[in-house]
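Heads up, the thing below is written out as C-alpha cells.
Computed from a prediction, not measured in an experiment: that's the story for all the values here.
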Amino acid sequence: MSHFNDFNNAQVAKLPNHLKQFIVDQNYEKYTPIDQAVWRYVMRQNYSYLKNVAYYPYIKGLQRAGLSIEHIPDLQTMNDNLGKIGWGAVTVDGFIPPAAFMEYQAYRVLVIAADIRQINHIEYTPAPDIIHESAGHAPIIADTDYNNYLSYFGSIGTKAMFSAKDFELYEAIRKLSILKEAVDADEFQIAKAEKELRYINENMGEPSEMALLGRLHWWTVEYGLIGTLENPKIYGAGLLSSIGESATCMQNDVQKLWYNIDTINYAYDITKPQPQLFVTETFQNLIDVLETFANTMAFRKGGTESIMKAIACKNVATAVYSSGLQVSGVFTDVGVGTKDEVTFIKTTGPSALAFNGKQLAGHGKHYHADGFSSPVGRLKDAVKALEDYNTIDLQTLGIISGEKAEFIFESGIKVAGTVKNIITENDKLLLIAFKDCTVTESNGNILFKPEWGIYDMAIGETIVSVFNGAADKDAYEEITLISKEKTHQITYDDKTLKLHSLYQTVRAIRESGEGLDKLAEIFAQLKTNHRQDWLCALEILEIIYHKKIYHQLEKEIQVYLEIKAGRELDHTKLISDGLHVIKNPVSQLITD
C-alpha cells in the first residue's frame, strides 16, 4: 500500500500538517480472509435490505465511491473515485478528536478507520471501523446537496467551543471502543470503562457548543432519515452500516419526528438503539438548521459570553479583535465593563498572535510562553476606534517609534511606555509594542511592570469572535507525523490461521467456480475443529445452493446451521439473516 503522501488526490494533498499527523497507512495486507468475509456478509445484508429503504443514491453511490460488495475497499481506489466528485479519503487509527474530524470534513476528506470489526461484533460496534466509515458515509457523498452539508458542517464544527468535560468524554469513548475491539478484551476492564463513561455522561453539566453540534451531527449524518414521516428513507451512516438497526429503526415503536432546531434538545446514547429518529424533507433544510444554530455560536457572537466559554473550555481557544488580530492560548481571565463589554483578556501559558489564520512573525508560543494579556476597547474621548488610526493620526497623538506614549482606555486601564514597534495589516492597526511599560487599572491594580520585558498591546475595540483551537494550527501545534510502523499487528495462533485458510479456499472456489469437490472436506473440518464458526459454513451453503449441486451436503449444512441458530443466541439472527439472503439473492450492484 502506498503511503498517504503518494495519494493522487487533490483534497488529501491540501490537508495541513496538523491533520496529516492522524493519518496511518491502510496496510491492506493485514485484512484476513475472515475480515473479507465479514465485509461481504455485512454488505450483502445491507444491499438486500437497504435497496428498499435507503435514500435513492445509496446503491449507485457505492460504485461512485469505489466500493464493492465483494472486497474491503482499497483506499487508493476510493481516492480515485471520490476525487471525481471533489472529495478524498484517508485512513486513521480509531477515534480521532472531534475537532480534527470536523476539520477533515471541512476539507472534503472522509476519515476512515483502518480497522474492521471482529466477527463477534458483526452487527454493531461502538468503535469506528471501515464498514461504518466507507459503507456508511462514502456512498451518499456523491449527492451534491448532501456533500455540501457535510463540508459546511465541518467548517462550523471546527470553530465550536468545547467544555473541559467534552475532552473527558472523548477520552472515555475512545478508551472503551479500543477495549471492546481488543482481541484479548478483559471483561472487568470493559465493565470499568463503561462505568466511567456512564458517570462522565451523566455529569456533563450544561452542554457546550460542540456537544450540541454533536447532537445535530448524530441525528443527521449518523442517524438521519429523509422524506416524509410516514415513508422516510435512510441516509445516516450509523444506520446504513448497522445491519441490526437499519431494519429495526423503520418499525413504528421508533418515533419519527421532523428535523428542526429543537432537535438539539435530544441527547443520544451511542450504546443503545435510538428511541426516536428525525426526518428532513430536504438536505437544504439541514443547512438551514445548522445556520440557525451557528448564529448562536461564539465564533459569530464574540463578546463577554464567548470569552467565558473559552475560559470554561480550559483548552486552547482563539479570540479575534475587531482589528482582525487573533490571540490564541488558554484563556484564564476577562475584564468586564459597566455595559457587559469586554475590557481586558488574559491567557496563561503558551500563546500566539495571528492575522487571517497566519501567525505574526516573532509572535509564536515560544515568544509568548508565559501567556498574553491586553486591554480591549476604545481610548477615552476618542472619536474613532484605535484600530482605524492611520500614521498621521498616531503622530498627532505623539505615538512615534522610540518616543514615550500614554493610552487611557474608556475602561480606565492605562498603558504608559516607550513605543518600540507598530504592526498594521490591511490598513488596520493590530499591535503596539512598548519598552519600560506599566499597565494599571483605574483602581491602581498593576497588570504589567517594566521589569517583565516588552509589553505587546493588542488593538481592537471589541472581541468579535471566539473559536476553538489555535488560529494558525500548523504553527501552534506540535506536529509529530505518525510513523507508518505503528499499525496494530495481531498474532494469530495455528488454529486461527487454519480457519483463515479455509475461508480463503472457499472464496477462491466461489470466484473461480473450480474445486467444488473440496467443499465437503472443508465443511467436515469446520464441524470438527472450528465449531464456534458459522460464517464459513454459510458461504459453502451459498455456493452449493446456487450451483444446485450436492443436495445431500446442502441439507446437512442447512440442518447444522439451523441447530446452531437454535442453540447459540448470539448467532440466531445472523444465521437466519444469512440464510434469507442466500435464498433471496441480491442482484449484483446496479450500474450507472
Side-chain angles (χ1 to χ4, degrees), residues 95-103 105-106 126 128 149-150 152-177 194-224 236 238 255 257-278 280 286-319 330-331 334 465-469:
F95 276 116
I96 63 169
F101 182 85
M102 291 290 179
E103 209 176 344
Q105 256 177 235
Y149 169 67
L150 210 54
Y152 187 54
F153 200 110
S155 64
I156 301 291
T158 304
K159 298 278 200 327
M161 295 301 298
F162 284 81
S163 70
K165 292 273 186 194
D166 291 326
F167 288 96
E168 283 180 43
L169 186 66
Y170 159 69
E171 290 296 349
I173 289 172
R174 181 174 164 88
K175 181 179 172 183
L176 177 62
S177 73
E194 280 177 336
K195 194 176 166 189
E196 279 168 17
L197 176 56
R198 238 187 340 268
Y199 179 78
I200 293 168
N201 231 338
E202 287 163 8
N203 295 278
M204 288 295 287
E206 192 66 26
S208 66
E209 289 178 357
M210 186 51 104
L212 294 173
L213 264 182
R215 293 176 185 179
L216 295 187
H217 198 265
W218 182 264
W219 298 124
T220 60
V221 174
E222 295 296 352
Y223 277 76
Q255 194 182 7
L257 303 170
W258 284 118
Y259 179 77
N260 55 39
I261 193 64
D262 295 335
T263 305
I264 61 167
N265 299 320
Y266 290 80
Y268 60 88
D269 180 344
I270 68 163
T271 63
K272 298 189 179 107
Q274 309 309 315
Q276 78 282 306
L277 294 171
F278 295 87
T280 186
L286 303 186
I287 292 177
D288 296 343
V289 169
L290 179 58
E291 189 61 15
T292 303
F293 181 70
N295 286 333
T296 70
M297 290 170 64
F299 86 97
R300 287 201 180 157
K301 294 196 82 160
T304 305
E305 187 190 338
S306 300
I307 294 285
M308 298 301 280
K309 285 182 181 177
I311 293 170
C313 151
K314 296 190 172 73
N315 278 272
V316 176
T318 297
V330 177
F331 285 83
V334 60
S465 176
V466 179
F467 57 84
N468 170 62

Are any non-hydrogen side-chain atoms of [X] and [Y] less than 4.5 angstrom apart?
X      : Y      : value
Phe467 : Met297 : no
Thr220 : Tyr259 : yes
Phe299 : Thr318 : no

Asn468 and Asn315: side chain to side chain contact (heavy atoms under 4.5 Å, CB included), yes or no, with the steps? CA-CA 8 Å; Asn468 170 62; Asn315 278 272; 5.7 Å; no

Set of residues satisfying salt bridge (charged side-chain N to carboxylate O under 4.0 Å, His left out) with respect to [X], sequence neighbours excluded:
X      : result
Lys175 : Glu196
Glu291 : Arg300
Lys159 : none

In short, side-chain hydrogen bond (donor to acceptor under 3.5 Å, both in side chains) pairs touching residues 204-213 with sequence neighbours left out are Asp166-Ser208, Glu209-Lys309

Just jot down the side chain to side chain contact (heavy atoms under 4.5 Å, CB included) partners of Asn260, sequence neighbours excluded, or say none. Asp262, Thr263

Nearest atoms (heavy-atom pairs only) where Ile200 meets Lys165: CG2-O, 4.4 Å

What is the ring orientation for Trp218 with Tyr223, classed by angle as parallel under 30°, tilted 30 to 60°, or perpendicular over 60°? parallel

Between Phe278 and Tyr266 (judged by ring centroids, cut-off 6.0 Å), do the two rings come close enough to count as a pair? yes

For Ser306, side chain to side chain donor-acceptor pair (under 3.5 Å) partners two or more places apart: none

Is it true that a side-chain atom of Thr292 and a backbone atom of Asp288 form a donor plus acceptor pair closer than 3.5 Å? yes

Side chain of Glu103, backbone of Thr158: donor and acceptor closer than 3.5 Å? no

